[in-house]
Amino acid sequence: MRIIDIKLAAGAYVITIEAGALATLGAITLTVAAHGGGRKAMLVVDEAIAGTHGVIAAQSLAAAGLEVVTEPLHASESRKTLGSVRLLYEAMMAARLERGSVLVAMGGGIVGDVAGFAAATYMRGIPLVQVPTTLLAMVDASIGGKTGVNLELGGHAGEAVSEARLVKNLIGAFWQPRAVVIDPRVLRTLPPREFRCGLAECIKHELLSDRALLKLIAEQHEVLERHDDAALADLIGRSVRIKAAIVQRDERESGERALLNLGHTFAHAMESVTALGLKHGEAVAIGLCAAMGCAASLGRVDAVHSEELRQLIESVHLPSRLPRPVPLRDLMLAMTHDKKVADGRARLILPRREGGADIVNDVADDVIRAAWRSIGAAP
Ligand SMILES: NC(=O)c1ccc[n+]([C@@H]2O[C@H](COP(=O)([O-])OP(=O)(O)OC[C@H]3O[C@@H](n4cnc5c(N)ncnc54)[C@H](O)[C@@H]3O)[C@@H](O)[C@H]2O)c1
């Protein structure tokens with residue numbers, strides 16, 4: 001079992017990573033509840049896994065002596081809204097959750113963000129336990145205390161709205177969990193494409209730490225895709241430690257935490273071109289290649305480092321180039337809409353030769369254009 005201790009101004013908590021850890025969820029949650037004098041838990045679970053992993057989680061909570069109510073949640077960006085949060089508040093009220101009751105958020109990043117925001121705001125905040133069930137949520141979304149929803153422009157509360165009318169992650173709160181329980185076995189049911197999206201974030205973390213670790217992903221890739229418990233727990237543990245270390249040094253994203261956006265300014269621009277049909281992790285994988293391209297142009301890394309990254313990304317079946325050419329000017333324009341591009345000047349996170357990355361202000365447009373072309377943008 002891997003136990004990672006997190007110490008923050010908002011409090012300390014433990015991340016448990018172990019095959020079969022779902023069986024210990026009840027005991028962990030009971031400790032959290034007892035701390036606040038409560039005995040109730042609401043399990044907010046992704047409806048796609050409610051009848052499988054959700055049942056094991058609910059049994060574990062009940063066996064520990066907690067009074068449990070299960071609330072399935074549909075995980076889609078169009079329902080990651082205040083309307084869904086309101087429905088959760090109503091369910092929490094109907095279940096008579098109190099200040100000491102625990103909300104257990106079980107699912108991918110969508111459930112973690114929505115249920116986490118509900119926990120942060122119901123009765124001015126109740127204890128939260130995160131049980132991430134996608135690789136992306138295990139290594140990224142569940143760590144660091146960011147919760148939140150998209151703002152739907154127009155429409156009625158609770159109604160699904162088209163993605164074009166959503167302002168992503170505009171509403172949110174920092175709300176640290178009291179515990180995170182990661183069971184790599186639940187990844188056996190995750191679609192392979194979702195699994196690879198999580199791998200893109202692992203690659204990002206290892207670029208931010210020690211490039212030598214990237215070789216491990218390349219070497220273990222086949223074992224990982226076969227869901228070897230020990231290899232998965234190793235990968236997740238390494239990645240969680242890297243993100244957790246950064247979050248502990250910069251809890252509220254006032255400085256260093258921005259490094260976690262490596263590749264993301266490019267990725268967000270690609271994601272705004274909906275015709276590309278890229279998932280976030282896929283856009284991040286291409287974005288990492290673009291950021292590496294910029295770093296190579298500026299002499300921050302060598303061409304061989306760029307090439308190594310490209311080969312690794314392709315070897316794990318993630319894209320390293322745009323799936324079809326997009327006009328360069330559209331991508332440059334989309335980039336200026338990103339909140340990390342201050343005053344029209346690009347502020348990028350760029351890797352360094354010795355491993356790690358820096359926030360680089362005022363990157364010249366020519367350098368960015370060349371990076372877009374290198375990943376397949378149309379001139
Ligand atoms: N809070 C943060 O710091 C943070 C960081 C990164 C991303 N996010 C957010 O996370 C979201 C993306 O998260 P995600 O990639 O986990 O997506 P997701 O929550 O949409 O899950 C992806 C898909 O996998 C399904 N699923 C989940 N677990 C499963 C399992 N074990 N087996 C089978 N299917 C399963 C879901 O139903 C969904 O269809 C975005 O909304 C993003 O904004 C938040």
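Side chains included, hydrogens not; waters and symmetry mates left out as well; all remaining heavy atoms used. Start at 1 and go down the list; that is how both ligands and their atoms are numbered.
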Q) Does any N/O atom on Thr147 come nearer than 3.5 Å to any N/O atom on ligand 1? A)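 There is no such contact.
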
Counting from 1, what ligand 1 atoms have a heavy atom of [X] closer than 4.0 Å?
X      : result
Asp140 : 5 (C), 6 (C)
Ala48  : 37 (O)
Glu194 : 22 (C), 23 (C)
Asn169 : 43 (O)

Closest non-hydrogen protein atom to [atom], residue and atom name please, with distance?
atom                    : result
atom 24 (O) of ligand 1 : Leu190 CD1, 3.9 Å
atom 5 (C) of ligand 1  : Ala141 CA, 3.5 Å
atom 7 (C) of ligand 1  : Leu136 CD2, 3.8 Å
atom 17 (O) of ligand 1 : Gly109 N, 4.1 Å
atom 42 (C) of ligand 1 : Lys80 NZ, 3.8 Å
atom 41 (O) of ligand 1 : Glu77 OE2, 2.5 Å
atom 39 (O) of ligand 1 : Ala75 O, 4.6 Å
atom 32 (N) of ligand 1 : Thr189 OG1, 2.7 Å

Less than 4.0 angstrom from a charged side-chain N to a carboxylate O is my criterion; do [X] and [Y] meet it?
X      : Y      : result
Glu256 : Arg249 : yes
Glu271 : Lys168 : no
Lys215 : Glu219 : no
Glu282 : Lys279 : no
Glu253 : Lys146 : yes

**Q.** Closest to atom 21 (O) of ligand 1 among Asn150, Thr134, Ile110 (heavy-atom distance)
**A.**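 Comparing heavy atoms across Asn150, Thr134, Ile110, the nearest one to atom 21 (O) of ligand 1 lies in Thr134.
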
Q) Which option out of Leu135, Val186, Leu187 puts a heavy atom nearest to atom 31 (N) of ligand 1? A)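 When every heavy atom of Leu135, Val186, Leu187 is considered, Val186 comes closest to atom 31 (N) of ligand 1.
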
Q. Any side-chain heavy atom of Val180 within less than 4.5 Å of one from Pro132?
A.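 The answer is yes, as the side chains (C-beta and beyond) meet within the 4.5 Å cut-off.
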
(Q) Does any part of the side chain of Arg252, heavy atoms only, come nearer than 4.5 Å to the side chain of Phe174, both counted from C-beta? (A)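 Counting from C-beta outward, Phe174 and Arg252 do come under 4.5 Å.
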
**Q.** Set of residues satisfying side chain to side chain donor-acceptor pair (under 3.5 Å) with respect to Arg2, sequence neighbours excluded
**A.**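 Arg2 satisfies side chain to side chain donor-acceptor pair (under 3.5 Å) with Asp234 only.
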
Q) Where on Thr133 is there a heavy atom closer than 4.0 Å to ligand 1, on the side chain, on the backbone, on both, or on neither? A)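 Contact part for Thr133 vs ligand 1: both backbone and side chain.
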
Q. Considering only heavy atoms, does Ile143 approach ligand 1 within less than 4.0 Å through its side chain, its backbone, both, or neither?
A.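 For Ile143, no heavy atom sits under 4.0 Å from ligand 1.
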
(Q) Quiz question: by atom type and distance under 3.5 Å, do the side chains of Thr134 and Glu194 form a donor-acceptor pair? (A)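 Distance-only check fails for Thr134 and Glu194.
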
Q.
Can you see whether Thr189 engages His53 through a side-chain donor-acceptor pair at a distance of less than 3.5 angstrom?
A.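 Checked: Thr189/His53 side chains pair up, N/O donor to acceptor below 3.5 Å.
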
(Q) Can you list everything that forms a salt bridge (charged side-chain N to carboxylate O under 4.0 Å, His left out) with Glu354? Sequence neighbours excluded, please. (A)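 For Glu354, no residue satisfies salt bridge (charged side-chain N to carboxylate O under 4.0 Å, His left out) once neighbours in sequence are set aside.
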
